[in-house]
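Worksheet: one structure, shown below.
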Amino acid sequence: MKQITFQDIKNNEEIKTYIAKADEVLSQLGYTEHSFAHVTRCAVYARDILLALGYEKRTAELAEIAGYMHDIGNLINRVDHAQSGAVMAFRILDHMEMPPEEIATIITAIGNHDEGTAVPVNAVAAALILADKTDVRRSRVRNRDMLTFDIHDRVNYAVEDSSFTIDGAQKTVSLDISIDTSICAVMDYFEIFLNRMLLCKKAAEFLKVTFELSINGVRLL
């Protein structure tokens, strides 16, 4: 067995290919960006959440790895991509000779990150949920023709600024968003992403912290 680092994962050509090709599939389906910008952000935030809350460095690195690999299942199909991605990650990590206990932690997190089926069953899964569901930014919208925006395009494009803050001392994780209400009403955002935000709340509770959501200076959760 080997200790596989995040750099090993990031430098792995197989994983790079699956991330890129999965994002190509989602591009054809009209989804927002799920490529290296998204997965790198998820990796960093998942790691930082656990480090800020006092988890061991290796546990935080496993969250970082899970964050980087979590969307590769989109290569197979958007439907059940969390489960497909978990199976793919198992094969890759097993071939890399990662210890089974660490593989189990990572694939459990990947298999539990999509809001349709997600449950924060361990700390890594909870951190991944928070990192993934709080990645809201205008730059993820591929379509630049506002006349053809669907509701998800419009809601994401309306976000002028977003920040995710982890306060280990106060035991809070906070998502603060600024929305251009001429593009999208605040309640439209909340309606579209309500399930994601409630999942973030559950993930935070697993980590024994409070999830806070503020939009245009008004706290909604």
Original post:
After noting the C-alpha distance and the side-chain angles of Met88 and Leu75, does the key distance pass the side-chain contact (heavy atoms from CB on, under 4.5 Å) rule?
Top reply: CA-CA 10 Å; Met88 292 173 66; Leu75 180 62; 4.0 Å; yes
Where [X] and [Y] come nearest, the two heavy atoms and their spacing:
| X | Y | result |
| --- | --- | --- |
| Ile76 | Ser84 | CD1-CB, 3.8 Å |
| Met69 | Ile9 | CG-CG2, 3.9 Å |
| Asp71 | Ala22 | O-CB, 3.8 Å |
| Asn156 | Val141 | CB-CG2, 3.5 Å |
| Lys2 | Pro99 | O-CD, 3.0 Å |
| Ile19 | Ile72 | CG1-CG2, 3.9 Å |

Original post:
Do the numbers put Arg47 on top of the ring of Tyr45, so that NZ or CZ is under 6.0 Å from the six-membered ring centre and no more than 45° off the axis?
Top reply: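 Not satisfied by the 6.0 Å and 45° rule.
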**OP:** Taking the six-membered ring of Phe149 (Phe, Tyr or Trp), confirm whether the NZ or CZ of Arg154 is under 6.0 Å from its centre and within 45° of its axis.
**Re:**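 No; the conditions do not both hold, so Arg154 does not lie above the ring face of Phe149.
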Please tell me whether [X] and [Y] are part of a single hydrophobic cluster in this structure, the criterion being side-chain heavy atoms less than 4.5 Å apart.
| X | Y | value |
| --- | --- | --- |
| Val25 | Tyr31 | yes |
| Ile215 | Leu194 | yes |
| Ile4 | Val87 | no |

Original post:
Given Leu53 and Val209, is the side-chain contact (heavy atoms from CB on, under 4.5 Å) satisfied, shown in steps?
Top reply: CA-CA 9 Å; Leu53 298 179; Val209 297; 3.6 Å; yes
Side-chain heavy atoms of [X] within contact of [Y], under 4.5 Å:
| X | Y | result |
| --- | --- | --- |
| Cys42 | Glu64 | no |
| Tyr18 | Glu13 | no |
| Ile49 | Tyr55 | no |
| Arg140 | Asp135 | yes |
| Asp114 | Asp132 | no |
| Arg41 | Arg137 | yes |
| Phe206 | Val121 | no |
| His152 | Thr32 | no |

Do [X] side-chain atoms and [Y] backbone N/O form a donor-acceptor pair below 3.5 Å?
| X | Y | value |
| --- | --- | --- |
| Thr181 | Cys184 | no |
| His38 | Ser35 | no |
| His95 | Ile92 | no |

**OP:** Please step through side-chain hydrogen bond (donor to acceptor under 3.5 Å, both in side chains) for the pair Thr108 and Asn122, ending with a clear verdict.
**Re:** CA-CA 8 Å; Thr108 297; Asn122 60 36; 4.6 Å; no
Does [X] [atom1] have over 12 foreign heavy atoms under 6.0 Å away?
| X | atom1 | result |
| --- | --- | --- |
| Gln170 | CD | no |
| Glu101 | CD | no |
| Lys21 | NZ | no |

What's the spacing between [X] [atom1] and [Y] [atom2] if we round to 0.5 Å?
| X | Y | atom1 | atom2 | value |
| --- | --- | --- | --- | --- |
| Phe211 | Ile129 | CZ | CD1 | 11.5 Å |
| Leu93 | Ile106 | CG | CD1 | 5.0 Å |
| Phe36 | Lys16 | CZ | NZ | 7.5 Å |

Original post:
Between Met98 and Met1, does a side-chain contact (heavy atoms from CB on, under 4.5 Å) hold up when you go through it step by step?
Top reply: CA-CA 6 Å; Met98 177 180 275; Met1 298 294 101; over 6 Å; no
Pair [X] + [Y], salt bridge at N-O below 4.0 Å:
| X | Y | answer |
| --- | --- | --- |
| Arg91 | Glu14 | yes |
| Glu61 | Arg58 | yes |
| Asp23 | Arg142 | yes |
| Lys201 | Glu212 | no |

Original post:
With a 3.5 Å cut-off and no angle check, do the side chains of Gln83 and Thr117 form a donor-acceptor pair?
Top reply: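 Indeed, the side chains of Gln83 and Thr117 share at least one donor-acceptor pair under 3.5 Å.
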Original post:
Taking the six-membered ring for Trp, is the centroid-to-centroid distance between His34 and His81 below 6.0 Å?
Top reply: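 No: the rings miss the under 6.0 Å criterion.
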Subject >> Residues Leu26, Arg78; criterion side-chain contact (heavy atoms from CB on, under 4.5 Å); working and verdict >> reply: CA-CA 8 Å; Leu26 292 185; Arg78 179 62 180 175; 3.8 Å; yes
